[in-house]
Q: 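Have a look at the structure that comes next, please.
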Amino acid sequence: MLQLMKEAVGSDVAATKKEWCELIGIRQSNLIEVESGKRGFTIEQIVKAAEITDVSTDWILGLSKTRTGSNEASGIELIKEGIRLIESEKIKGKKGKTK
């Protein structure tokens, strides 16, 4: 998020940090705490930042190397992720069993 803010400030998105804060819904005093590591961004702020900069929330959260993309998973993507999770749980269960 801080990297995204650095890119956004001074661009067409936001002229200043103050404007960036207003756009994503954070007080400047809270931003100072975020920058110092005392506080984090809320989910709402992350989603808003993704919307106004047209990047994926997964990229912001470090879950994807793809910077852009839909912030909404398709039904097929959700099914694939569900299958992956079920399979990983089965593997974990097999490792824990003794014969």
Side-chain angles (χ1 to χ4, degrees):
M1 278 287 287
L2 293 175
Q3 174 63 34
L4 188 59
M5 178 188 70
K6 288 177 187 175
E7 294 173 11
V9 171
S11 73
D12 292 342
V13 175
T16 63
K17 277 188 179 182
K18 180 181 180 183
E19 186 178 355
W20 171 257
C21 290
E22 291 170 359
L23 287 170
I24 68 166
I26 188 172
R27 294 184 315 195
Q28 271 193 292
S29 60
N30 290 348
L31 180 61
I32 293 166
E33 291 179 349
V34 169
E35 291 174 317
S36 69
K38 294 180 182 176
R39 146 181 247 146
F41 289 101
T42 66
I43 295 203
E44 291 82 8
Q45 292 161 346
I46 292 169
V47 169
K48 189 64 179 172
E51 289 172 351
I52 64 175
T53 59
D54 199 27
V55 300
S56 78
T57 53
D58 283 350
W59 180 81
I60 291 173
L61 297 171
L63 301 173
S64 172
K65 292 180 182 178
T66 305
R67 188 177 173 106
T68 59
S70 172
N71 284 318
E72 295 180 22
S74 71
I76 292 172
E77 290 171 17
L78 292 172
I79 291 168
K80 286 179 182 179
E81 179 64 12
I83 291 169
R84 187 192 65 74
L85 290 171
I86 291 167
E87 289 174 347
S88 69
E89 287 299 315
K90 284 181 182 178
I91 291 169
K92 286 180 189 176
K94 286 181 181 178
K95 288 181 181 178
K97 291 182 180 178
T98 57
K99 293 185 178 184

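From a predicted model like this one, the values you see are computed outputs, not experimental measurements.
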Q: Just to verify, what does K38 make a side chain to side chain contact (heavy atoms under 4.5 Å, CB included) with, not counting sequence neighbours?
A: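 K38 satisfies side chain to side chain contact (heavy atoms under 4.5 Å, CB included) with E33, S36 only.
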
Q: If the condition is side chain to side chain contact (heavy atoms under 4.5 Å, CB included), which residues does I43 pass it with, not counting sequence neighbours?
A: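 Checked I43 against side chain to side chain contact (heavy atoms under 4.5 Å, CB included); matches are V47.
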
Q: Atom CZ in R67, atom CG in D54: separation rounded to 0.5 Å?
A: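 The CZ atom of R67 sits 10.0 Å away from the CG atom of D54.
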
Q: State, to 0.1 Å, how close A50 and S56 come at their nearest heavy-atom pair, and which atoms those are.
A: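 Result for this residue pair: CB-C, 4.4 Å.
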
Q: Which heavy atom of W59 sits nearest to which heavy atom of K65, and what is that distance?
A: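 Heavy-atom minimum between the residues: CD1-O, 4.0 Å.
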
Q: Identify the heavy atoms of T53 and V13 that sit nearest to each other, and give their distance.
A: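 Closest pair (atom of T53, atom of V13, distance): CG2-CG1, 4.3 Å.
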
Q: Taking only distance into account, with no hydrogens and no angle test, what donor-acceptor pairs under 3.5 Å do side-chain atoms of residues 19-28 form with protein atoms, sequence neighbours excluded?
A:
| from | atom 1 | to | atom 2 | distance (Å) |
| --- | --- | --- | --- | --- |
| E19 | OE1 | A15 | N | 2.7 |
| R27 | NH2 | N30 | OD1 | 3.4 |

Q: Rounded to the nearest 0.5 Å, how far does CG of L4 lie from CD1 of I52?
A: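 Reported value, rounded in 0.5 Å steps: 7.5 Å.
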
Q: M5, I32: one ILVMFWY side-chain cluster at the under-4.5 Å cut-off?
A: no

